[in-house]
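Down below is the structure, laid out as structure tokens.
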Amino acid sequence: MKNKIDMTQGAIFPKLVKFAVPLILSSILQLLFNAADIVVVGRYAGDNSLAAVGSTSSMVNLLVNFFIGLGVGCNVVAANFLGAGKKAELNKTVHTTMVLSIIGGIALTVVGIAFSRQILVLMGSPKDVLPLSTLYLKVFFGGIMATVIYNFGAALLRAKGDTKRPLYILLVAGVINVILNLIFVISFKMDVAGVAFATVLSQVFSAVCVVMILMREEDEFRLEPKKLSIDKAILARIVKIGLPAGFQGMLFSFSNVIIQSSVNSFGAVMVAGNSAAQSIEGFVYISMNSFAQGTLTFAGQNMGAHRFDRIKRLVVIAECIVTIVGLVLGLTALFFGRALLSLYSPNGEVVDAGMLRLSVILATYCTCGMMDCMASAIRGVGHSVMPMIVTLVGACGLRMVYIFTFFQIPRFHTFQSIFYSYPLSWIVTFLFLTASFVWVMRGLERDARQGRAD
């Protein structure tokens, strides 16, 4: 019980904070260790290696986000069953989820290894970093199953409000990652392959830990190998919610791949600066996104309990929090931008390039958090297709139109102007998602009234 949060009763704000803070710390640890990867490779292997690792992030997200979306479906379904008190269905969800993670891991391994180079070429990855980027991806995807298993397992734990134990896992895994980075890159001179191997081995540790936790649970979240199977009805519910979220994640990442391709056209120095800036932005993003994850789980449990009043109060509270967090952290990181970027590379040109991106993104980042929270609330109540369509049109569509029209005008064909597409897409999408949430909640309340009348 100490690892469970009942989100259907009591004050919302303290429970949301209790859920989000360990998740923020977990994500910060993960980003710190990822940043350590970039710092080590940038300092000890050079700007080309830094650019090689950074230029792969959009492709990794493109392939991984589909399965992360399915993980969202697992989280919502488990939270719904927990809120409704359906223990047998919840236990079947646990076993279906873990089988799904194994299948997903195998698929990602095959696709990632087979098509890494081809996708990097299509992205216009600079020729001087292409061999290093390809090597990094092949090693990374060779161990991607561990990453998928960990994320699906952690999604199950989050469904009952347990964000502390994943924090402990990531703390130890991150230390392992940093130590192996130093050994592989500095001592063994393995360059980007050393970073990839360190990441894979630390993720294997994380996957083993989350599976052991689930196997030792004493409630309906207990994982038993002999029960591993797919329940078709539950899988259908997971897919109904997770598949649209997965496709949205893929297409969202595809729009970022297009943007990364535009960044790549400005050369290795700009790619390196962009990579370092993205790493810094990540710390602000995960702080906001942790409350979006909390919104997803809270909405899921309360949907199961038919507490529509709490869902609406939750959204107001969450939106206020992410706005404040995004503004405070974003402007603070922008103020210290040059000092932070210099940690990644001593090259002044790389720092200048990073600041061009940070000055646009960090000043407006709160709108991204607002957009994510609203989308999470809609998914949490079981509507996943609507936020997918709205986000694809409002975010991905606008970015694509921007890159292929406005950005192509010679006067605006600059490195910094690429990034104006982000705040534009965040604001427009948030407004449409807000209207969608109001429409969905009215429909749910109307259906509930009709059900009571019948």
Side-chain angles (χ1 to χ4, degrees), residues 12-13 15-28 30-31 61 65 68-69 72 75 158 163 245 248-249 252-253 255-256 259 277-300 311-335 337 357-381 386-388 390-392 394-396 398-399 419-438:
I12 294 173
F13 178 78
K15 290 191 175 185
L16 185 58
V17 171
K18 182 180 179 181
F19 177 95
V21 168
L23 192 56
I24 291 173
L25 295 175
S26 298
S27 301
I28 287 176
Q30 205 161 25
L31 283 175
N61 291 335
N65 277 354
I68 298 300
V72 168
N75 175 283
R158 286 198 301 272
T163 53
Q248 175 186 318
F252 216 112
S253 295
S255 71
N256 290 334
I259 291 175
Q278 283 179 308
S279 180
I280 293 169
E281 292 162 13
F283 291 95
V284 182
Y285 177 76
I286 54 91
S287 299
M288 297 186 296
N289 188 253
S290 295
F291 287 98
Q293 292 291 327
T295 302
L296 177 78
T297 304
F298 269 60
I311 295 172
K312 290 188 287 187
R313 293 205 308 273
L314 161 70
V315 170
V316 173
I317 293 170
E319 291 291 354
C320 290
I321 293 173
V322 296
T323 302
I324 295 171
V325 169
L327 284 173
V328 172
L329 294 184
L331 295 178
T332 301
L334 181 59
F335 182 79
R357 176 183 171 113
L358 291 181
S359 62
V360 175
I361 301 299
L362 292 181
T364 58
Y365 222 4
C366 64
T367 56
C368 177
M370 295 164 65
M371 175 189 72
D372 285 346
C373 262
M374 196 61 70
S376 293
I378 298 172
R379 286 198 186 93
V381 299
M386 182 181 295
M388 177 192 74
V390 171
T391 304
L392 292 182
C396 302
L398 272 176
R399 290 180 193 178
F419 307 111
Y420 292 127
S421 62
Y422 284 107
L424 174 64
S425 65
W426 294 332
I427 293 169
V428 171
T429 305
F430 168 72
L431 294 174
F432 279 101
L433 284 172
T434 301
S436 301
F437 175 76
V438 172

[X] to [Y] - nearest heavy-atom pair and separation:
X      : Y      : result
Met386 : Ser436 : SD-CB, 3.3 Å
Ala333 : Ile280 : CB-CG2, 4.4 Å
Ala377 : Phe437 : CB-CE1, 4.0 Å
Thr163 : Phe19  : OG1-O, 2.9 Å

When the side chains of residues 315-328 are checked against the rest of the protein, which donor-acceptor pairs come out under 3.5 Å, sequence neighbours left out?
| unit_1 | atom_1 | unit_2 | atom_2 | d |
| --- | --- | --- | --- | --- |
| Glu319 | OE2 | Met374 | N | 3.4 |
| Thr323 | OG1 | Glu319 | O | 2.8 |

Legend entry - Pairwise salt bridge (Lys or Arg N to Asp or Glu O under 4.0 Å) hits with a residue in residues 357-376, at least two apart: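 Every pair satisfying salt bridge (Lys or Arg N to Asp or Glu O under 4.0 Å) with a residue in residues 357-376: Glu281-Arg357.
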Would you please name every residue forming a side-chain hydrogen bond (donor to acceptor under 3.5 Å, both in side chains) with [X], sequence neighbours left out?
X      : value
Thr429 : none
Thr332 : none
Thr297 : Asn75
Lys312 : Glu445

To the nearest 0.5 Å, what is the distance between [atom1] ([X]) and [atom2] ([Y])?
X      : Y      : atom1 : atom2 : value
Leu433 : Ile378 : CG    : CD1   : 5.0 Å
Leu424 : Phe419 : CG    : CZ    : 15.0 Å
Arg158 : Ser26  : CZ    : OG    : 9.0 Å
Leu23  : Asn289 : CG    : CG    : 7.5 Å
Ile12  : Ile311 : CD1   : CD1   : 9.5 Å
Ser425 : Leu398 : OG    : CG    : 6.5 Å

Legend entry - Set of ring pair (Phe, Tyr, Trp, His ring centres under 6.0 Å) partners for Tyr422, sequence neighbours left out: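 Residues passing ring pair (Phe, Tyr, Trp, His ring centres under 6.0 Å) with Tyr422: Trp426.
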Legend entry - Under the ring pair (Phe, Tyr, Trp, His ring centres under 6.0 Å) test, residues paired with Tyr285 that sit two or more places apart: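 Partners of Tyr285 by the ring pair (Phe, Tyr, Trp, His ring centres under 6.0 Å) criterion come out as none, since no residue qualifies.
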Legend entry - Neighbour count >12 (heavy atoms, 6.0 Å) for atom CZ, Phe432: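 It does not: Phe432 CZ has 12 such atoms or fewer within range.
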Inset, instruction - Applying side-chain contact (heavy atoms from CB on, under 4.5 Å), name anything that partners Ser376, two or more places apart in sequence or on another chain. - result: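 side-chain contact (heavy atoms from CB on, under 4.5 Å) check on Ser376 returns Ala292, Thr295, Leu296.
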N/O donor to acceptor pairs below 3.5 angstrom from side-chain atoms of residues 361-371, sequence neighbours left out:
| unit_1 | atom_1 | unit_2 | atom_2 | d |
| --- | --- | --- | --- | --- |
| Thr364 | OG1 | Val360 | O | 3.1 |
| Thr364 | OG1 | Ile361 | O | 3.3 |
| Thr367 | OG1 | Thr364 | O | 2.6 |

